[in-house]
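Let me begin by presenting the structure, written as structure tokens, before commenting on it.
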Number of protein chains: 2
Amino acid sequence: MDKQCKINAFRTGLAQFVTFEEDEWEILSQHLSFSTLKKKDHFVVEGKVCDYIGFIVQGSARHYHVKDGQEITGYFYFENELVSAYKSFLKRVPSINFIQALEKTELVLIAYADLQKMLNHPILALKMERFGRLVAEHHICCYEDRVTAFITQSPEERYTMLEKTAKDIFQRVPQHFIANFLGITPVSLSRIRKRTLLH
Amino acid sequence: MDKQCKINAFRTGLAQFVTFEEDEWEILSQHLSFSTLKKKDHFVVEGKVCDYIGFIVQGSARHYHVKDGQEITGYFYFENELVSAYKSFLKRVPSINFIQALEKTELVLIAYADLQKMLNHPILALKMERFGRLVAEHHICCYEDRVTAFITQSPEERYTMLEKTAKDIFQRVPQHFIANFLGITPVSLSRIRKRTLLH
DNA sequence: CGAAAACGTTAACAAAAGATAAGGACTTTA
DNA sequence: TAAAGTCCTTATCTTTTGTTAACGTTTTCG
């Protein structure tokens, strides 16, 4: 996949937050880099500071923790979404988790240092601040829903909801990752699926 | 409690995100309003759009959902913290939960319309965008930890962690609210406490 | 002050989830 | 292509949690 194609996809994807004018885009696009992850390559590893925000042009990834030698998947990322270990990226602290490609994945990257430059660039600053704010606000809304689900719903209800709102995820992601995402074990998810099939 | 005292507390509290210069503060402070909630007064109710972000000068509040006629407490707010139903506030949609004062609570408020004015004010815009971004980023980091706890920890581990990192909460908040916050029933929390006392 | 409400604990039972292991189907890869 | 690995299901057993209800204490409020 060539760079221009990736850049175009990125620009289109950003439009849900902010639209950049030609002169702005000129500058911004000079601060981008590109990456292709093979399946199982890592975008971030535990213990290292995450230096990039990535935009997924094609492919997917998962976010996971290692606890007692076991991997626990906490989140998925798909096309046209931003991916990063935000706390690590924003606070410059070592990541407590991994982010790994689920398949061959094409990314557009913004490095932390470049982002800071743009936030201090006279022409770009205001729009970049707004962009950052809107992205962060978007994530807050997603997180609100996710925490609400853990607080107010049973595992079975969370499964049913996921099945209703993002059925395709079951075609793209191994079921035991989804179980982790729902906060239960793979065995338990298998039981819930059987149980809910028979009403 | 008089206004000037509240304004000062607010300015100090904001310093963790952004510091405003005199001329900026001059403008910003004209867009503030003030409120005192009695115990059990609501800051937001389900079904209504949340029109304010509040800064708690004194007091505390809880965030709760009503499901099957039962209240489920999802979060607490204390002094020097911002409180709002963010998704409702940011996206202008009806809130799906309530926010209620746990005791007499003194607030400094920013109305949505005023915030928008400031975000478009030539002098304030950049700093307000940054302020908004940093607040949102701060919340993202909090949410990351909270979701991680649900994914990787058992209820007992979440209780132990809370007891270690925020012991004072048990003195300020009824235990059955904390149970909800941990994602379990009050009866279950009572059992966990007994169990963990005997090592 | 006194009645009502709120709160935490405990008990008993049912339901659900975790842990472990085994088996079969499907992929990957050497 | 054969072997190894991955993945999902199922079964069994244990542990934990949910549900409901009762009890005593404390707090709230008319």
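Note: hydrogens, waters and symmetry copies are ignored here, and every other heavy atom, side chains too, is used. Here is how names work: the chains are called A, B, and so on, in the same order as the sequence lines, proteins then strands, and each is numbered from 1.
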(request) Please determine, by modelled atom types, if N8(B) and Q4(B) share a side-chain donor-acceptor pair under 3.5 angstrom. (result)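 Per modelled atom types, N8(B) and Q4(B) side chains form a pair under 3.5 Å.
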(message) Checking the side chain of Q100(B) only, and the main-chain atoms of F43(B) only, is there a donor and an acceptor separated by less than 3.5 Å?
(response)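 No, because the side chain of Q100(B) does not come within donor-acceptor range (under 3.5 Å) of the backbone of F43(B).
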(message) Suppose we call two aromatic rings close when their centres sit under 6.0 Å apart. Are F76(B) and H63(B) close by that rule?
(response) no
(request) Assert yes or no for the condition that the ring centre distance of Y159(B) to F170(B) is strictly below 6.0 Å. (result) yes
(message) Please give me the minimum heavy-atom distance between E24(A) and I123(A), naming the atom from each residue.
(response) CG-CG2, 4.4 Å
(message) To check you understand the geometry: which heavy-atom pair defines the closest contact between I99(B) and A85(B), and what is its length?
(response) CD1-N, 3.7 Å
(request) To the nearest 0.5 angstrom, please state how far the CD1 atom of I72(B) sits from the CD atom of Q153(A). (result)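 Atom-to-atom, I72(B):CD1 and Q153(A):CD are 9.5 Å apart.
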(request) Calculate, to the nearest 0.5 Å, the distance between atoms OG1 and CD1 belonging to T12(A) and I7(A) respectively. (result)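 If we round to the nearest 0.5 Å, T12(A):OG1 and I7(A):CD1 are 11.5 Å apart.
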Return a table of donor-acceptor pairs under 3.5 angstrom between the side chains of residues 50-58 of chain B and protein atoms on other chains or two or more places apart.
unit_1, atom_1, unit_2, atom_2, d
D51(B), OD1, R92(B), NH2, 2.4

(request) Go through the structure and list residues passing side-chain contact (heavy atoms from CB on, under 4.5 Å) with T185(B), not counting sequence neighbours. (result)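 Expected list: V187(B), S188(B).
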(message) For Q70(B), give me all partners under side-chain contact (heavy atoms from CB on, under 4.5 Å), at least two apart in sequence or on another chain.
(response)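 Partners of Q70(B) by the side-chain contact (heavy atoms from CB on, under 4.5 Å) criterion come out as none, since no residue qualifies.
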(request) Could you pull out all residues at least two apart from R130(B) that satisfy salt bridge (Lys or Arg N to Asp or Glu O under 4.0 Å)? (result)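 Residues passing salt bridge (Lys or Arg N to Asp or Glu O under 4.0 Å) with R130(B): E129(A).
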(request) Not counting sequence neighbours, which residues clear salt bridge (Lys or Arg N to Asp or Glu O under 4.0 Å) with K104(A)? List them please. (result)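 Scan of K104(A) (salt bridge (Lys or Arg N to Asp or Glu O under 4.0 Å), adjacent residues dropped) gives E106(A).
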(request) Enumerate the residues from residues 157-169 of chain A whose closest heavy atom to DNA chain C is under 4.0 Å, giving them by residue number; use none for an empty result. (result) none
(request) For DNA chain C, determine which residues of residues 171-179 of chain B have any heavy atom closer than 4.0 angstrom to one of its atoms, and list them numerically. (result)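 Output list: P174(B), Q175(B), H176(B).
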With 3.5 Å as the limit, what N/O pairs link the protein to nucleotides 28-30 of chain C?
none

(request) From the options R191(A), R195(A), K194(A), select the one residue that forms a salt bridge (Lys or Arg N to Asp or Glu O under 4.0 Å) with E156(A). (result)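 Result: among R191(A), R195(A), K194(A), R195(A) is the only option passing the salt bridge (Lys or Arg N to Asp or Glu O under 4.0 Å) with E156(A).
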(request) Go through DNA chain D in 5' to 3' direction and return only the first and the last nucleotide with some atom under 4.0 Å of chain A's heavy atoms. (result) dC7(D) to dT12(D)
(request) Find the bend of the helix from dC1(C)-dG30(D) to dA30(C)-dT1(D) as the angle between its two terminal axes (five pairs each), to the nearest 10°. (result)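 So the angle between the two local helix axes works out to 50°.
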(request) Take the protein atom CZ of R193(B) and the nucleotide atom P of dT10(C), then report the distance between them rounded to whole Å. (result) 11 Å
(message) Apply the hydrophobic cluster definition, ILVMFWY joined by side-chain contacts under 4.5 Å directly or through others, and give me every member besides Y64(A).
(response)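 Listed partners: V45(A), V66(A), F98(A).
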(request) State whether R172(A) and E103(A) are salt-bridged, where the test is any N-O pair (Lys NZ or Arg NE/NH1/NH2 against Asp/Glu carboxylate O) under 4.0 Å. (result)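 Yes, charged N to carboxylate O under 4.0 Å.
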(request) Describe, in one word, how the ring planes of F131(A) and F17(A) are oriented to each other, choosing from parallel (under 30°), tilted (30 to 60°) and perpendicular (over 60°). (result)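 The arrangement is perpendicular - the two ring planes meet at more than 60°.
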(request) Indicate for each nucleotide in nucleotides 16-22 of chain C, in 5' to 3' sequence, whether protein heavy atoms under 4.0 Å reach the base (B), only the sugar-phosphate (S), or nothing (-). (result) -BBBB--
